[in-house]
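Notes follow once the structure below has been shown.
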Amino acid sequence: MSRDYTRFSLSQRLQHVFMFVPFIILVLTGFPIKFPESEFWSFIMSAAGGIENARIIHRFAAAVMILDFAFHILYVGYNLIKQRPSLADMHLVPNGRDGRNIIENLKYFLFLSDERPRFHKFSYLEKFDYWAVFWGMFIMAGSGIILWFPVLFSKFLPGIVIQIAYIAHSDEAMLALLAIIIWHFYNVHFNPRIWPANKVWYKGTLSEEEMEYEHPLELEEIKAREEASK
Amino acid sequence: MPATIYRHSILVLLLVVLTALSAPAQQADAENCNLCHSLALLGIATPSEGLRSFEVTANAYRHSTHRNVICRDCHTDINVFPHPQEVAKVECYKACHITKPFALTGYSHAEQADAHAISAHGFNSEYSAEKNEAKPDCKYCHSNTFRNVVNDEALQESSQHCVRCHEGEGLAGVILHVSSHSGHRTAEASIDVVELCSSCHADQGHMKQFDVNLTQVGGYERHFHGKALKRGLNEVANCMDCHRNHLNLPAEDPNSSIHPNNIQQTCSANTYCHSDVSSKFAASAIHSEPTTQNNPILFYVEWGFIILTAGTMALLFAHIFLDFGRWVGDIWLRRKEK
């Protein structure tokens with residue numbers, strides 16, 4: 001019998017929404033300044049109401065994103081304290097299995113094996129996505145806040161920090177945009193096995209078949225647990 | 001009755017203001033020079049200079065900054081008719097008949113010319129004549145053509161820069177100027193200032209003969225000020241905001257606006273700039289392109305990000321490519337089996 005398995009709670013799905021909506025706005029209002037001579041970004045800039053409006057919108061969206069990230073940190077911290085999970089139960093922490101999965105996947109890609117790696121709750125691809133955003137948030141929010149209040153921060157930080165923040169904000173933004181539109185979009189949209197979209201971001205659940213294909217180890221563990229509690 | 005006096009005084013005041021506003025502009029062509037000089041064919045042909053036109057395009061002149069200055073105020077040695085064959089070039093520091101607003105002193109550009117003379121752009125006795133010639137004089141930056149291209153929109157946006165040319169005059173000076181010269185096309189848009197300075201400073205071949213940093217314009221353009229200005233944010237600093245308008249001095253000169261002792265004040269010189277900046281903030285306002293010599297930390301941070309981005313994207317692309325390859329390969333294999 002087919003049934004659905006919860007993958008993301010409502011809170012987790014909303015955390016994702018409050019991350020990607022500001023992300024899109026930040027890209028649209030930030031990149032026209034990174035590329036001041038580009039015709040394409042000129043169009044976006046005028047759509048945003050010119051640079052003066054864009055700067056205000058950019059800071060508002062940034063505040064929403066930072067608050068979302070702060071909430072996420074509290075959310076993770078609360079759950080760590082409340083549930084006190086073992087290291088094996090912290091599914092986002094990279095471990096030895098990820099290394100083995102990478103090798104298995106490469107063998108599969110190169111037709112050296114017909115067995116796809118059996119992933120647990122989070123594959124190494126998904127762990128990469130999570131930690132890339134985690135690192136990116138510190139770089140982008142940290143440098144962004146310094147650039148927002150450069151006079152204030154230079155009262156106690158050396159002047160070169162502002163210059164570093166300027167480069168970090170601009171270059172990390174490029175990396176984040178490329179990673180999202182190429183890597184993340186391939187994995188959740190353009191991958192022909194997924195196309196047109198993985199709906200888990202709003203449904204929050206995966207079907208039995210999807211679980212079997214994408215997270216067989218987790219499914220196995222869920223079933224074993226249910227068997228044991230019977 | 002006090003009320004009547006009050007009402008009368010308002011009327012008188014109104015009359016004075018209206019009279020002042022409607023006072024006809026000084027007749028620039030009072031001496032009727034354009035009787036001849038409006039003729040398109042007026043000119044001479046000499047073996048040395050070839051054809052030289054003496055036509056003054058009336059429309060261009062009427063819209064220039066100097067539209068109220070009579071011709072002979074600047075062309076001072078044209079006193080006889082027919083005019084002498086050899087006449088001196090116009091010198092901007094000579095006093096003309098225009099008076100300063102609400103003052104009776106003759107107006108001249110001597111103050112500006114003096115500042116220019118001791119600036120990096122001024123005459124340097126150690127330089128060859130050719131090298132001195134390669135530096136901008138008054139007319140290089142202040143050609144009427146440059147003024148004329150400013151449209152009214154740009155003028156409005158750049159009016160906040162008034163204090164740049166009227167430094168030290170205070171608010172009263174600015175108000176006097178604006179009230180008496182409103183409508184004059186004298187303020188340039190920031191983007192035009194950058195374009196003007198770049199006309200020499202971005203020309204590597206031209207600048208190589210001088211001992212200056214060749215990456216200044218490129219450095220400005222990659223900095224926030226340069227990028228935001230291109231996107232139309234006029235409140236950001238243009239070249240003159242930090243380097244002054246006439247007294248452009250190298251950073252080593254203690255009188256320079258960008259000398260380490262003064263740069264802190266320069267950053268907060270205008271109310272719309274950065275207020276209450278620290279010396280650390282001022283020390284960050286470098287706009288040259290980082291190299292291993294001038295700013296090694298920034299140089300390596302920048303390259304670190306380039307390598308990080310290229311490396312990450314290369315790995316991600318490879319993964320996508322292999323993943324997609326397996327999918328295509330599976331279809332191909334299935335077809336083969338059929």
Side-chain angles (χ1 to χ4, degrees), chain A residues 32-38 41-42 45-46 50-52 54-55 102 105-106 108-111 114 116 124-125 128 132 139 147 150-172 174-179 182-187 190-193, chain B residues 221-224 226-236 263 267-268 273-287 290 295-306 308-313 315-331 333:
Chain A
I33 300 174
K34 181 172 169 68
F35 300 114
E37 280 167 42
S38 141
W41 291 110
S42 288
M45 178 102 294
S46 48
I51 187 170
E52 272 147 33
R55 292 178 87 200
I102 291 172
N105 219 8
L106 285 176
Y108 171 74
F109 288 161
L110 297 168
F111 292 91
D114 277 336
R116 287 180 70 251
Y124 67 87
L125 299 89
F128 172 82
I139 300 287
L147 295 173
V151 174
L152 176 72
F153 279 95
S154 60
K155 288 210 193 301
F156 49 89
L157 291 173
I160 192 153
V161 173
I162 299 169
Q163 290 173 279
I164 292 173
Y166 181 71
I167 285 174
H169 200 72
S170 176
D171 289 6
E172 176 69 22
M174 192 72 218
L175 177 54
L177 179 63
L178 289 175
I182 294 170
W183 174 249
H184 188 56
F185 278 18
Y186 178 78
N187 290 327
F190 304 133
N191 186 328
R193 305 172 190 90
Chain B
E221 283 179 342
R222 42 178 281 147
H223 189 263
F224 176 74
K227 289 185 172 186
L229 181 60
K230 277 190 188 155
R231 281 279 175 230
L233 192 69
N234 285 295
E235 70 198 51
V236 296
I263 197 161
C267 295
S268 50
C273 293
H274 309 281
S275 56
D276 191 23
V277 302
S278 66
S279 56
K280 289 172 185 158
F281 178 86
S284 77
I286 301 163
H287 58 72
N295 204 335
I297 299 176
L298 211 59
F299 180 84
Y300 289 117
V301 165
E302 196 158 26
W303 271 100
F305 269 107
I306 291 171
L308 176 73
T309 305
T312 309
M313 290 319 294
L315 287 176
L316 299 185
F317 257 120
H319 196 282
I320 291 171
F321 181 76
L322 290 172
D323 183 90
F324 192 75
R326 172 77 208 205
W327 180 76
V328 173
D330 278 342
I331 293 175
L333 282 179

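Sequence lines set the chain letters: A, B, ... in the order given, protein chains first and strands last, and positions in each chain run from 1. All heavy atoms count here, side chains included; hydrogens, waters and symmetry mates do not.
- Residues A/Y166 and B/L298 are not in side-chain contact: their nearest non-hydrogen atoms beyond the backbone lie 4.5 Å or more apart.
- Contact check for A/R193 versus B/R326: side-chain heavy atoms found under the 4.5 Å cut-off.
- In this structure, B/R231 and A/W41 have side chains that are in contact, with non-hydrogen atoms separated by less than 4.5 Å.
- The two residues B/L322 and A/L106 make their nearest non-hydrogen contact at CD1-CD2, 3.7 Å.
- When heavy atoms are compared at a cutoff of 4.5 Å, A/S42 approaches chain B by way of both its backbone and its side chain.
- In this structure, the portions of A/A168 lying under 4.5 Å from any heavy atom of chain B include both its backbone and its side chain.
- Here A/Q163 contributes atom CD and B/H223 contributes atom NE2; the two are 7.0 Å apart, rounded to the nearest 0.5 Å.
- Distance NZ/B/K230 to CD1/A/I51: 12.0 Å, rounded to 0.5 Å.
- Contact annotation for A/P32: both backbone and side-chain heavy atoms come within less than 4.5 Å of a heavy atom of chain B.
- Contacts of B/S268 with chain A are absent, with no heavy-atom separation under 4.5 Å from either backbone or side chain.
- If you measure heavy-atom distances from B/F317 to chain A, the contacts under 4.5 Å come from the side chain alone.
- Looking at heavy atoms from C-beta onward, A/I162 lies out of side-chain contact with B/K280 at the 4.5 angstrom threshold.
- For A/I102, no part lies near chain B; criterion is any non-hydrogen pair under 4.5 Å.
- A/Y124 and B/H319 have their aromatic ring centers within a separation under 6.0 angstrom.
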Under the side chain to side chain contact (heavy atoms under 4.5 Å, CB included) criterion, do A/F111 and B/L333 qualify, and how do the steps go? CA-CA 11 Å; A/F111 292 91; B/L333 282 179; 3.7 Å; yes
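- Atom-to-atom distance recorded for B/N234:CG and A/E52:CD is 7.5 Å, nearest 0.5 angstrom.
- With contacts defined as side-chain heavy-atom distances shorter than 4.5 Å, the pair B/L316/A/F128 qualifies.
- Looking at B/D330, the atoms closer than 4.5 Å to chain A (heavy atoms on both sides) sit in the backbone and in the side chain alike.
- Counting heavy-atom neighbours within 6.0 Å of B/I297 CD1, excluding the residue itself, gives a total of 12 or less.
- The closest side-chain heavy-atom distance from B/D323 to A/Y186 is below 4.5 Å.
- To the nearest 0.5 Å, atoms CZ (B/F305) and CD1 (A/I164) are separated by 9.5 Å.
- By number of non-hydrogen pairs under 4.5 angstrom with chain A, the leading residue of B/I320, B/V277, B/V328 is B/I320.
- The number of heavy atoms from other shown groups lying within 6.0 Å of CZ (B/F321) does not exceed 12.
- Heavy atoms of A/L157 lying under 4.5 Å from chain B belong exclusively to its backbone.
- Of the atoms belonging to B/L229, not a single heavy atom falls under 4.5 Å from chain A.
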Give the intermediate values and the outcome of side chain to side chain contact (heavy atoms under 4.5 Å, CB included) for residues B/N295 and A/I160. CA-CA 9 Å; B/N295 204 335; A/I160 192 153; 3.3 Å; yes
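- How far CZ of B/F299 is from CD1 of A/I167: 11.0 Å, rounded to the nearest 0.5 Å.
- Checking side-chain atoms of B/K227 against main-chain N and O of A/K34 turns up a donor-acceptor pair under 3.5 Å.
- Between the side chain of B/S278 and the main chain of A/S154, a donor-acceptor pair closer than 3.5 Å is present.
- Residue A/N187: no heavy atom, backbone or side chain, is found under 4.5 Å from chain B.
- With a threshold of 4.5 angstrom between heavy atoms, A/L110 approaches chain B through side-chain atoms but not through N, CA, C or O.
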